[in-house]
Amino acid sequence: MNYYVMTLFPEFITNAMNESIMGRAIKKNIISVEAVNIRDFAQNSYRQVDDYIYGGGSGMLMQAEPVWLAYQNIIKRTGTKNTRVLYMSPQGRTFNQSYAQALSKNENIIFLCGHYEGIDERVIEMINPCEVSLGDFVLTGGELPAMTIMDAVTRLIPGVLGHDDSSLYETFYNDLLEYPQYTRPPVFEGRAVPQELLSGNHKLIEKWRLEQSIERTRKRRPDLYEKYMNSQKH
């Protein structure tokens, strides 16, 4: 998987992505992350990439030309086949686990990160990206959402986690929240690990985990619980 992040703050991306699981995946050559500085494509000596908004309004808007040139630079290297382009926008489709799974099948993902009051609409129309949101709130830029999506997608790629099934039975798998988990010691501050998990009986453990997932989902996410229960009727 190759990630390309079109941004005004490339160091923000490279510094964060070289840590933890992402950093190890880069060292193993399972993924690559390239932060493309949009300012490098500004056609003026001041590397200016923003300007006033036509029709008035507060703030500044990112210009179309440097964004378009940065995008063209990436596409010339990746091509468009098996390449997904995402624009980080609060107006976009809400990101979730199933979307992460779909994205993990791509070879290249290009992220477009806006700033200021956004990006000139003409270049958005020209690139025609999938607009993606983390939720109904506004951030100062698209870098944090882009890194969040990269993290969620990367851990689904075979070889990234210690065991390829580590991400299989997690929260949102089969529309259920993940069951509670425990480690040593068996008793902490008077609270004991459930006996089912200490039994060594794998069928009993699986049964307990499923029951816990269903009950936790019922209490915390009734919307998902209803979806799960409906799926069991078919």
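Not measured: the values here are computed from a predicted model.
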Colleague: In terms of hydrophobic clusters joined by side-chain contacts under 4.5 Å, are I30 and L103 together?
Modeller: yes
Colleague: If you look at every heavy atom in M17 and I26, which pair is closest and at what distance?
Modeller: O-CD1, 3.4 Å
Colleague: Test salt bridge (charged side-chain N to carboxylate O under 4.0 Å, His left out) on R77 and E34 and set out the steps.
Modeller: CA-CA 12 Å; R77 292 180 281 144; E34 180 181 342; 2.9 Å; yes
Colleague: Quick check for you: to the nearest 0.5 Å, what is the distance between M88 atom CE and E131 atom CD?
Modeller: 9.5 Å
Colleague: With a 4.5 Å limit on heavy-atom distance, are the side chains of I214 and Y228 in contact?
Modeller: yes
Colleague: Nearest 0.5 angstrom please: F9 CZ to T14 OG1, how far?
Modeller: 13.0 Å
Colleague: Where is the tightest heavy-atom contact between G92 and S133, given as atom of each residue plus distance?
Modeller: O-CB, 3.6 Å
Colleague: Take atom CZ in R47; do more than 12 heavy atoms of anything else shown fall under 6.0 Å from it?
Modeller: yes
Colleague: Nearest heavy-atom pair of A146 and C113: which atoms, and what distance?
Modeller: CB-SG, 3.9 Å
Colleague: Would you say I110 and V36 make side-chain contact, with heavy atoms under 4.5 Å?
Modeller: no
Colleague: Any non-hydrogen side-chain atom of T154 less than 4.5 Å from a side-chain atom of M1?
Modeller: no
Colleague: Determine whether a donor-acceptor pair (N or O, by modelled atom type, separation under 3.5 Å) exists between the side chain of H115 and the backbone of M62.
Modeller: no
Colleague: Counting only N and O atoms by type, is there a donor-acceptor contact under 3.5 Å from the side chain of N73 to the main-chain atoms of L69?
Modeller: no
Colleague: Assigning hydrophobic clusters by single linkage (Ile, Leu, Val, Met, Phe, Trp, Tyr; side-chain heavy-atom cutoff under 4.5 Å), is V123 placed with I53?
Modeller: no
Colleague: Any side-chain heavy-atom pair from W68 and M126 closer than 4.5 angstrom?
Modeller: yes
Colleague: Do you see a donor-acceptor pair shorter than 3.5 Å between the side chains of N108 and T78?
Modeller: no
Colleague: Between D175 and R221, is there a side-chain N and carboxylate O pair less than 4.0 Å apart?
Modeller: no
Colleague: Once you round to the nearest 0.5 Å, how far does CZ of R155 lie from CG of L161?
Modeller: 5.0 Å
Colleague: Within 45° of the six-membered ring axis of Y179 and under 6.0 Å from that ring's centre, is NZ or CZ of R216 located there?
Modeller: no
Colleague: Just checking Q181: does its CD atom have more than 12 heavy atoms from other residues, nucleotides or ligands closer to it than 6.0 angstrom?
Modeller: yes
Colleague: On a heavy-atom basis, which atom in V160 and which in K28 lie closest, and how many Å separate them?
Modeller: O-NZ, 4.5 Å
Colleague: Is it true that atom CD of E226 has more than 12 heavy atoms of other residues, nucleotides or ligands lying nearer than 6.0 Å?
Modeller: no
Colleague: If we only count heavy atoms from C-beta on, is the V132 to I149 side-chain gap below 4.5 Å?
Modeller: yes
Colleague: Using the rule that Ile, Leu, Val, Met, Phe, Trp and Tyr join whenever any side-chain heavy atoms are under 4.5 Å apart, tell me whether L61 and L8 fall into a single cluster.
Modeller: no
Colleague: Determine whether M6 and F111 satisfy the following criterion, side chain to side chain contact (heavy atoms under 4.5 Å, CB included), listing intermediate values before the conclusion.
Modeller: CA-CA 6 Å; M6 300 167 59; F111 295 90; over 6 Å; no
Colleague: What distance do K227 atom NZ and L176 atom CG have between them, rounded to the nearest 0.5 Å?
Modeller: 11.0 Å
Colleague: Applying salt bridge (charged side-chain N to carboxylate O under 4.0 Å, His left out), run through K203 and E206 and close with a yes or a no.
Modeller: CA-CA 5 Å; K203 288 187 177 180; E206 289 180 8; over 6 Å; no
Colleague: Please tell me whether M150 and I21 are part of a single hydrophobic cluster in this structure, the criterion being side-chain heavy atoms less than 4.5 Å apart.
Modeller: yes
Colleague: Indicate yes or no: at least one non-hydrogen side-chain atom of N96 is less than 4.5 angstrom from one of S98.
Modeller: yes
Colleague: For atom CG of N44, is the number of surrounding heavy atoms from other residues, nucleotides or ligands below 6.0 Å larger than 12?
Modeller: yes
Colleague: Going hydrophobic residue to hydrophobic residue with side-chain gaps under 4.5 angstrom, can you get from F137 over to M147?
Modeller: yes
Colleague: Between the main-chain N or O of D50 and the side-chain N or O of Q48, is there a donor-acceptor pair closer than 3.5 Å?
Modeller: yes
Colleague: Does V153 reach the side chain of Y99, with side-chain heavy atoms less than 4.5 Å apart?
Modeller: no
Colleague: Nearest heavy-atom pair of A35 and I13: which atoms, and what distance?
Modeller: CB-CB, 4.0 Å
Colleague: With a 4.5 Å limit on heavy-atom distance, are the side chains of L112 and L86 in contact?
Modeller: no
Colleague: At what distance, to the nearest 0.5 angstrom, does CE of M22 lie from OH of Y3?
Modeller: 5.5 Å
Colleague: Is a side-chain N or O of Q43 found less than 3.5 angstrom from the main chain of F41, in a donor-acceptor match?
Modeller: yes
Colleague: Could you give me the CA-CA distance, side-chain angles and deciding distance for R220 and L177, then say whether side chain to side chain contact (heavy atoms under 4.5 Å, CB included) is met?
Modeller: CA-CA 9 Å; R220 301 182 181 183; L177 301 183; 3.8 Å; yes
Colleague: Can you name the closest pair of heavy atoms from I119 and G114 and give their distance?
Modeller: CD1-CA, 3.8 Å
Colleague: Could you give the distance from CG (N174) to OG1 (T217), rounded to the nearest 0.5 Å?
Modeller: 9.5 Å
Colleague: Looking only at atom types and distance, does a side-chain atom of N106 sit under 3.5 Å from a main-chain N or O of I109, one as donor and one as acceptor?
Modeller: no
Colleague: Suppose clustering is done on Ile, Leu, Val, Met, Phe, Trp and Tyr with side-chain heavy atoms closer than 4.5 Å. Which residues sit in the same group as I205?
Modeller: Y182, V193, L197, L198, W208
